[in-house]
> 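Take a look at the following structure, please.
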Amino acid sequence: MPTRQPTRIRPRRTAGDLAAGLGALVVLVALVGGVPYALLRLAGPPLSPELLHLNLLTSQVGTSMIVAILVLLVWLAWLQLTVCVIVEVYAGLRRVGMPARVPFSGGTQMLANRLVSAVLLLFTVSAVVVPIVRPTATPAARPVSAAASVTTPEPEERAPLVHVEKARKVYVVQPPHGRHHESLWEIAEKCLGDGRRYPEIYRLNQHKEQPDGSRLHMADLIRPGWVLDMPDDARNVHIVPASQPRGETLEDHPGKPAELDGHTQDISAKGGSDLPGEAREEAGGGENRGEARRPADSREESADSGRREPYRTKDQGQSQDQGRNQGQQQGLELLDYLAGASLAAAGLLAALGRRRRQQLWHRAFGRRIARPKDDAAKAEVALRLGADAPGSRMLDIGLRLLGRSLAAQKRIPPTIYAAHLSAQSLDLWIHPPVAEAPAPWSAHDGGQVWKLPAHEGRMLDERTLSEAPAPYPGLVSLGSNGEGRVLVDLEAAHGLISLDGPRSTEALAALAVELATNRWSDLMTVTLVGFGEELTVIAPDRIRHVATLAELLPELEARAAERGQGGDVLTGRIQGRAAEPIWPPHYVLSALVPNEEEGHRLAVLARKGVRTAAGYVVAGKVPHATWNWEVTEDGRAKVDALGFEVDAQLLPRRHYRALIDLFETAGRLDGEPMSDRPEPVPANASVEVRVLGPVEIAGPSPMEEGRATLAVELVVYLATHPGGVHPVVLGGVLWPRGVQAAVRDATIARVVDWLGTDGAGRPNLYADEAGRFRLGPEVRTDWMVFRDLVRRSHTDSGVRAVLLERALNLVRGPLLNGRPRGRYAWLADDDLEYDVTAAVADAAHRLCDIRIEEGDGGRAVAAVRAGLLLAADDEGLWRDLLRATHLTGDQARLRTVVEALHRRASAQPGGSGMAPETEALIDELLPSWRMRSAPSA
């Protein structure tokens with residue numbers, strides 16, 4: 001069936017538009033061209049001789065000097081206006097979206113924006129920049145009534161008012177067409193006339209439940225079938241009763257509204273017969289007024305349309321990638337929560353790293369450690385994207401330094417009831433206020449806030465604070481406020497915390513995960529009551545589970561009786577050591593609502609008004625609670641006593657299950673076979689992609705820095721997936737949170753131009769018949785060459801050592817070393833990282849064995865060190881290094897290796913230590929090592 005070609009509706013321009021455009025054009029010419037001409041004729045150049053005199057700073061200021069300075073200021077103002085005009089014209093003509101903000105040019109850029117908008121009305125249907133008649137501030141959303149749907153002349157005498165049902169305007173997100181997916185920008189452009197009004201649609205629909213049960217959390221993630229509320233002035237929409245559920249709206253209006261499918265739809269909904277005639281006319285009125293626009297295909301809107309043809313895709317390839325694309329949509333759901341829990345994500349990744357190091361202890365030759373699949377892999381992708389390791393480090397080291405400084409000054413630590421961690425600083429909210437904070441902390445707001453700037457936190461030396469205890473282990477993320485993470489101290493409640501609301505269990509699970517994996521605490525126990533039994537797999541040394549409060553309360557009461565008052569908790573903590581903390585905390589999180597007796601016993605344990613090394617968070621409305629938290633259906637967390645309201649940190653059931661699967665996979669010790677896909681290695685390469693170390697693309701000329709990061713990642717992904725990648729899948733990999741098709745296609749076009757052609761004139765990046773993108777036959781990777789050399793070493797025993805040595809010479813460091821934070825998260829859901837690590841370690845092990853058989857300890861050491869460049873966590877290689885070094889007969893060198901291995905094991909987060917097999921080998925080769933490594937008394 002032939003594809004219907006898109007058509008455009010011819011607009012109308014009013015005489016007022018033409019007059020405004022001509023007037024604006026005259027003003028622009030006068031400002032941009034007339035002002036400098038007048039200045040040159042009347043006042044001279046920007047820098048007059050008075051400003052160029054050598055004694056400018058020491059001479060007296062006279063009238064001529066003042067005039068010269070004023071002239072320079074006028075020239076600078078003109079230059080600022082000219083830059084603003086250029087920026088606005090570029091945004092309007094190239095359709096790049098939101099114009100770039102010119103620094104310190106708020107009012108000036110606003111003026112340029114309005115003038116350019118009016119001028120563009122002379123040449124385009126609607127300016128891409130903000131129309132001159134539109135106010136700069138976004139109007140507040142208000143309920144849409146039927147009478148407000150259109151503006152009609154008011155009659156001299158009003159008819160008696162009759163009751164009509166209130167209505168609202170909605171838009172149904174359409175399914176993808178070809179490779180085109182709708183975005184809020186496109187919906188705003190065709191329904192509001194300006195794509196940059198998409199934040200209005202986002203604010204109207206944020207956190208509202210959609211027919212599929214999900215919610216809008218990020219502006220770039222919308223899904224087909226969602227029903228979006230629209231502003232009052234929206235065109236090409238459905239009008240429905242205000243009280244109609246979204247699911248019923250979707251049933252009544254599953255297709256495109258009004259003008260968007262080429263004919264007028266019946267817009268009356270159930271009960272909609274009471275809607276006034278003006279409202280019913282609104283949906284079809286766009287054609288009559290000439291203001292509706294048919295949505296253009298993303299390929300037509302691409303800024304790089306002139307370079308589009310070489311990589312135009314075919315729809316026939318989509319069906320083969322449908323499963324992968326659906327998996328990406330599911331992965332986006334995981335991003336909603338896991339990537340947003342930045343501190344918990346950092347802790348979870350650290351815990352996962354410990355598990356994987358233990359997997360490597362047991363990895364067998366020729367096998368890789370078990371790789372997560374499906375939701376578990378997508379969960380790790382989300383964790384890698386969202387993890388804030390620098391923020392977690394600053395919170396940990398900053399608090400330990402604070403405790404040590406206060407202990408040195410013999411001061412009592414203040415009560416910190418909450419903290420705010422942002423990219424700029426770590427703020428601690430103190431009560432009661434303390435006006436003096438130890439450096440580098442500083443007191444603000446009369447001592448109510450202690451602040452550690454981010455640049456100061458980054459410079460703190462972690463090694464000097466290795467023995468400093470954690471003074472505030474009960475700090476845990478409540479959620480985010482748009483500027484950073486908001487944390488509360490469970491111990492600062494000085495009593496019971498009540499957590500109420502329909503999503504309380506999701507909030508408790510999120511609290512448990514962060515408490516159990518954070519790095520700003522030492523020894524800790526988290527007891528989960530009535531939920532979370534599976535969470536013990538994440539941190540078995542911290543998390544435990546009991547079925548009921550009745551089972552736990554006797555133990556808590558006995559422990560409280562043993563401790564008694566015991567002195568001030570905070571003062572005791574800062575005087576201890578991290579390895580032997582004083583007052584190790586115990587936090588109880590209960591998803592079961594206590595009965596009256598249990599609630600009373602918990603309240604007594606919490607000892608309202610007194611700080612203990614414990615915290616109690618209980619679901620439901622509990623009497624005697626000091627703090628009352630509420631987590632609403634739309635995901636907002638409110639704390640009455642503190643006056644907080646933030647986007648809650650939650651762990652819904654599916655995300656919870658994905659984390660459990662991820663850690664269970666990391667607990668498997670059997671391993672799995674490495675993938676082996678033989679592929680030809682081109683003899684001549686016009687482009688070489690190097691991933692066995694710092695990522696490099698050799699061959700094409702360097703790309704500008706601002707675009708190189710994304711372009712290089714795109715090439716790396718395609719180079720390591722030689723079977724080809726559909727553009728929709730490629731977009732989901734490079735932009736996990738979503739991207740407009742036009743942006744994706746423009747990026748691919750740019751890379752096509754960058755890579756150029758090979759020796760035969762063929763493009764080095766092209767789309768095949770199925771619409772998948774592939775790299776050309778003269779593009780090769782060092783990983784491809786490495787595997788080919790290793791494969792040949794198995795069949796040619798005469799030169800196997802030479803081939804293995806050549807393969808290991810390709811290794812320059814860790815895989816894709818130096819990759820930017822937040823990029824290459826797709827590695828978690830890919831074989832590459834697992835295969836490369838295992839293959840390099842195996843090649844180094846084979847070469848080491850060959851050299852040991854030859855009795856050449858020095859070359860055996862070199863072989864192992866080449867493998868450790870990339871597979872530094874593979875402890876089998878460290879054992880090879882010990883054997884090879886022992887073969888050299890150099891005891892001092894062997895001791896150096898042992899000490900380096902011991903330091904490395906001690907520095908691992910969580911103290912995972914060395915494998916028992918490694919310790920046994922060290923005892924055999926260097927029996928005195930334990931005496932040298934033991935801490936001095």
> Distance from Arg774 atom CZ to Leu718 atom CG, nearest 0.5 Å?
10.5 Å
> Under 3.5 Å, side chain of Arg851 to main-chain N/O of Val861, donor-acceptor pair present?
no
> Would Arg657 and Glu664 pass as an ion pair if we require N to O under 4.0 Å?
yes
> Check Asp522 with Arg400, please: is the shortest side-chain N to carboxylate O separation under 4.0 Å?
yes
> So does Arg792 pair up with Asp788, basic N to acidic O under 4.0 Å?
yes
> Start with the C-alpha gap between Phe663 and Leu352, add the side-chain angles, then the distance that decides, and say whether side chain to side chain contact (heavy atoms under 4.5 Å, CB included) holds.
CA-CA 7 Å; Phe663 275 82; Leu352 191 63; 4.2 Å; yes
> Please give me the minimum heavy-atom distance between Leu385 and Ala825, naming the atom from each residue.
CG-CB, 3.6 Å
> Above 12 or not: heavy atoms from other molecules or residues under 6.0 Å from CD of Glu917?
no
> Can we say Glu833 and Arg356 salt-bridge, meaning some charged N sits less than 4.0 Å from an Asp/Glu carboxylate O?
no
> Around atom CZ of Arg865, are there more than 12 heavy atoms of other residues, nucleotides or ligands at under 6.0 Å?
no
> Between Asp388 and Arg821, is there a side-chain N and carboxylate O pair less than 4.0 Å apart?
yes
> Are side-chain heavy atoms of Asp375 and Asp661 found at a separation under 4.5 Å?
no
> Please confirm whether the backbone N or O of Ala376 pairs with a side-chain atom of Asp374, one donor and one acceptor, at under 3.5 Å?
no
> I'd like to know if the side chain of Arg542 and the backbone of Ile538 have a donor-acceptor N/O pair within less than 3.5 Å.
no
> Could you measure the distance from the CG atom of Leu816 to the CZ atom of Arg823? Nearest 0.5 Å is fine.
12.5 Å
> Is there a side chain to side chain contact (heavy atoms under 4.5 Å, CB included) between Glu875 and Arg363? Walk through the geometry before answering.
CA-CA 9 Å; Glu875 203 148 328; Arg363 187 186 73 85; over 6 Å; no
> Taking the side chain as every heavy atom from C-beta outward, state whether Trp878 and Leu868 have any pair of such atoms under 4.5 Å apart.
yes
> Check Glu805, Arg846, Arg806 against Ser793 for a side-chain hydrogen bond (donor to acceptor under 3.5 Å, both in side chains) and give me the one that passes.
Arg846
> Got a second to check how far Met674's CE is from Tyr834's OH, nearest 0.5 Å?
15.0 Å
> What is the minimum heavy-atom distance between Ala770 and His726, and which atoms define it?
O-CD2, 4.5 Å
> For Gln359 and Thr665, indicate whether the former's side chain and the latter's backbone hold a donor-acceptor pair under 3.5 Å.
yes
> Check this for me, if you would: do Arg371 and Asp829 make a salt bridge, where the nitrogen-to-carboxylate-oxygen distance has to be below 4.0 angstrom?
yes
> Is there a donor-acceptor contact under 3.5 Å from the side chain of Arg780 to the main chain of Val681?
no
> Salt bridge or not for Asp396 and Arg393, using N-O below 4.0 Å?
no
> Is the shortest distance from a Lys or Arg side-chain nitrogen in Arg762 or Asp758 to a carboxylate oxygen in the other one below 4.0 Å?
yes
> Rounded to the nearest 0.5 Å, how far does CG of Leu789 lie from CG of Leu804?
8.5 Å
> State whether Glu854 and Arg859 are salt-bridged, where the test is any N-O pair (Lys NZ or Arg NE/NH1/NH2 against Asp/Glu carboxylate O) under 4.0 Å.
no
